[in-house]
Amino acid sequence: KFQLACSLPLHRHLAMACDGGDVSSSVIGEHIATYHGDDVTVSEAEGKGRILVAANELEPGERIMLEYPLVEVVANKAAPAYVILTRLLEEGHLVAAPLLFYWSALCTLTAHEVKGAKCAAWPTISLGTQLQALELHAPSESCATPTESTQAVAAALWPEGEGPNLARFERILQVWIYNSFDQSDGDGSVGAGGVYLAASMLSHSCAPNAAWHLDEANNFNLHARADIEEGQEVTIPYLSIADLCLPIPDRRAHLQSSKDFWCSCERCTAGVDDTRVFMCPRCGGNACASSSSPEGGSTGSDASIVCGKCGSLTAAEADPLFTAEAQLCRWARARPRFRNRRSEEVEGDVPSAAEVLGAAESVGLLGMHWAVDEARMAVAEEAPEEECRMLRLRAQAYKSVPFALAKYARLSLTLGRALACKGAEDEALREAVEWFSRAASGLLTLFGDDDPEHQEAAKLREDAMKQLMSSALTRGRAASTQSASGDAEDSKGSAEGQLNGRRKHKAWSPPATR
């Protein structure tokens, strides 16, 4: 099933169905039923539109879907049209989306639409493929009127009266904004992207039950990361691994700005925020800030900290925790990765990461608190000798957290690398093997056995085990050599003793008589 679904571009699979005309929703449903129907089906959900639901029970690690990209685009900085887009960006004309989205939209035009451009042509697609792409979600209000940015692109690339229909071009742009999956370069930057017909039906959740990745051929791979019941919606995260561990307001703000929707998943609508975790002063268990509590502020009737066992804490119990949280979060939001968000300036001398972490932990902020994790990461950066200890604490904090499975696996992989550095002692190597095993197991469940990260973790585990075996053999040879040397010394000593005994016997013999 998987080979058939990916052996040819999707537009060739569906060519007879669309026959060059408009593509209906039934065609998408037919495609999913044909190539992925054993595991998922397409359905309609109020407020969401088309979604994917499980066609049967799925277990963690089970592959749900593998799909070839419908349209795949790679940035080409040398292309004349890309150079023009770069100039428009520098002049402030491209404001509705990143440059790559405009380039992707240009590459989703047909050869007929590109004809007559002021510069050399760029890659195009067939009309049938374009019609399928246009069938993907794009908010009608965003497509109603071409933006000034879209008009600027058209004016820069085509003579007046030439080029594509602007409303159609705007819709193509919105399809990329709302449906594309990034294809990162080796350095982590995004230099390419793709849209997928079935994968675009997947909804977001901050508590996803499926995980996705792109393989070396940029095929979309989807695996269950939890038990999924028949008829249950299959969801993935639109957020990065790091952003999934941020508070509710941060996650919602990011999704609102990037995907234009207000998240109402089970985590975002829960009564407590599971990224703001404290130690309950009564039972010592985990307590979370209520989702309505302002960060670091205990003012207001809705502000509270709730323990799953003891219930709501009193104001006297919660106030010291909120005060410590306020100080730590103010420091954390001044960190580089928050500067483009709702960051705050820290007045006066900026305390070290170790200082703010110690103060927060002494009051009762726990490792699952997003700002404590941020501080532990900073301590490792400021004091490299603390790297392994901080990584242990961070990994242990997220060990059993469902939404942080990928974070735990990658922390385990990073810790294993740090322990298995050149010249590591056997004790460190044995611990590295354990962390590599945890990383390999977690990544296998999330992304499958062909995932490069899983394969790397498995190989590093084998390498560390070989180092341990080599070290044991070296010690064995050394012990054997030492034992042989000792035996030789003993033999030599015994021989010399016998000789000396004979000499002494001869020396003390009475003189012979005549």
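Just so you know, these numbers come straight off a predicted model, no measurement behind them.
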Any donor-acceptor N/O pair, [X] side chain to [Y] backbone, under 3.5 Å:
X: Thr445; Y: Ser441; answer: yes
X: Arg171; Y: Leu134; answer: yes
X: Lys259; Y: Ile177; answer: yes
X: Ser257; Y: Ala253; answer: yes
X: Ser149; Y: Val95; answer: yes
X: Gln132; Y: Leu197; answer: no
X: Ser293; Y: Ser304; answer: yes
X: Glu453; Y: Leu443; answer: no
X: Glu170; Y: Ala167; answer: no
X: His223; Y: Glu62; answer: no

With a 4.5 Å cut-off on side-chain heavy atoms, are [Y] and [X] touching?
X: Val372; Y: Leu328; answer: yes
X: Leu52; Y: Ile32; answer: yes
X: Val401; Y: Met368; answer: yes
X: Met390; Y: Leu357; answer: yes
X: Asp373; Y: Tyr398; answer: yes
X: Glu361; Y: Arg376; answer: yes
X: Leu413; Y: Tyr408; answer: no
X: Asn219; Y: Leu214; answer: no

(request) Quick one: do Lys48 and His204 satisfy side-chain contact (heavy atoms from CB on, under 4.5 Å)? Show the steps, please. (result) CA-CA 10 Å; Lys48 288 186 175 182; His204 163 82; over 6 Å; no

(message) Apply side-chain contact (heavy atoms from CB on, under 4.5 Å) to residues Ser104 and Ser180 and explain how you reach the verdict.
(response) CA-CA 10 Å; Ser104 299; Ser180 64; over 6 Å; no

(message) Quick check on ring pair (Phe, Tyr, Trp, His ring centres under 6.0 Å): which of Tyr238, Phe181, Tyr196 does Trp212 satisfy it with?
(response) Phe181

(message) Among Arg333, Arg276, Arg330, exactly one meets salt bridge (Lys or Arg N to Asp or Glu O under 4.0 Å) together with Glu295. Which residue is that?
(response) Arg333

Of the non-hydrogen atoms in [X] and [Y], which two are nearest, and what is the gap between them?
X: Val234; Y: Ala54; answer: CG2-N, 3.9 Å
X: Cys107; Y: Ile125; answer: O-CG2, 3.6 Å
X: Cys245; Y: Trp370; answer: O-CB, 3.4 Å
X: Ala156; Y: Leu88; answer: CB-CD1, 4.0 Å
X: Cys310; Y: Cys280; answer: SG-SG, 3.8 Å
X: Ala75; Y: Trp103; answer: CA-NE1, 3.8 Å

Looking only at side chains, do [X] and [Y] share a donor and an acceptor under 3.5 Å apart?
X: His369; Y: Glu325; answer: yes
X: Arg63; Y: Asn221; answer: yes
X: Thr110; Y: Gln130; answer: no
X: Asn56; Y: Glu230; answer: no
X: Ser203; Y: Glu233; answer: yes

(message) A cation-pi test, strictly: NZ or CZ of Lys77 under 6.0 Å from the centre of the six-membered ring of Tyr82 and no more than 45 degrees from its axis. Yes or no?
(response) no

(request) Test the Arg267-Phe403 pair against the cation-pi criterion, namely NZ or CZ under 6.0 angstrom from the six-membered ring centroid and within 45° of the ring axis. (result) yes

Between [Y] and [X], does any NZ, NE, NH1 or NH2 come within less than 4.0 Å of an OD or OE carboxylate oxygen?
X: Glu59; Y: Arg225; value: no
X: Glu387; Y: Arg392; value: no
X: Arg337; Y: Glu374; value: yes
X: Arg461; Y: Glu434; value: no

Roughly how far, to the nearest 0.5 Å, is the [atom2] atom of [Y] from the [atom1] atom of [X]?
X: Ser264; Y: Arg252; atom1: OG; atom2: CZ; value: 7.5 Å
X: Leu166; Y: Gln151; atom1: CG; atom2: CD; value: 6.5 Å
X: Leu246; Y: Ser240; atom1: CG; atom2: OG; value: 7.5 Å
X: Ile236; Y: Leu239; atom1: CD1; atom2: CG; value: 10.5 Å
X: His137; Y: Ser200; atom1: NE2; atom2: OG; value: 10.5 Å
X: Ile172; Y: Leu106; atom1: CD1; atom2: CG; value: 9.5 Å

Does [atom1] in [X] sit with more than 12 non-hydrogen atoms of other residues, nucleotides or ligands closer than 6.0 Å?
X: Gln396; atom1: CD; result: yes
X: Glu216; atom1: CD; result: no
X: Gln455; atom1: CD; result: yes

(message) What verdict does the ring pair (Phe, Tyr, Trp, His ring centres under 6.0 Å) test give for Trp122 and Tyr102, after you've listed the backbone C-alpha separation in whole Å, the side-chain angles of each residue and the deciding distance to 0.1 Å?
(response) CA-CA 13 Å; Trp122 53 88; Tyr102 289 96; over 10 Å; no

(message) Determine whether Asp450 and His213 satisfy the following criterion, side-chain contact (heavy atoms from CB on, under 4.5 Å), listing intermediate values before the conclusion.
(response) CA-CA 11 Å; Asp450 59 349; His213 77 283; 4.2 Å; yes

(message) Please determine whether side-chain contact (heavy atoms from CB on, under 4.5 Å) holds for the pair Val153 and Phe169, giving the CA-CA distance in whole Å, both sets of side-chain angles, and the decisive distance to 0.1 Å.
(response) CA-CA 10 Å; Val153 170; Phe169 183 59; 4.2 Å; yes

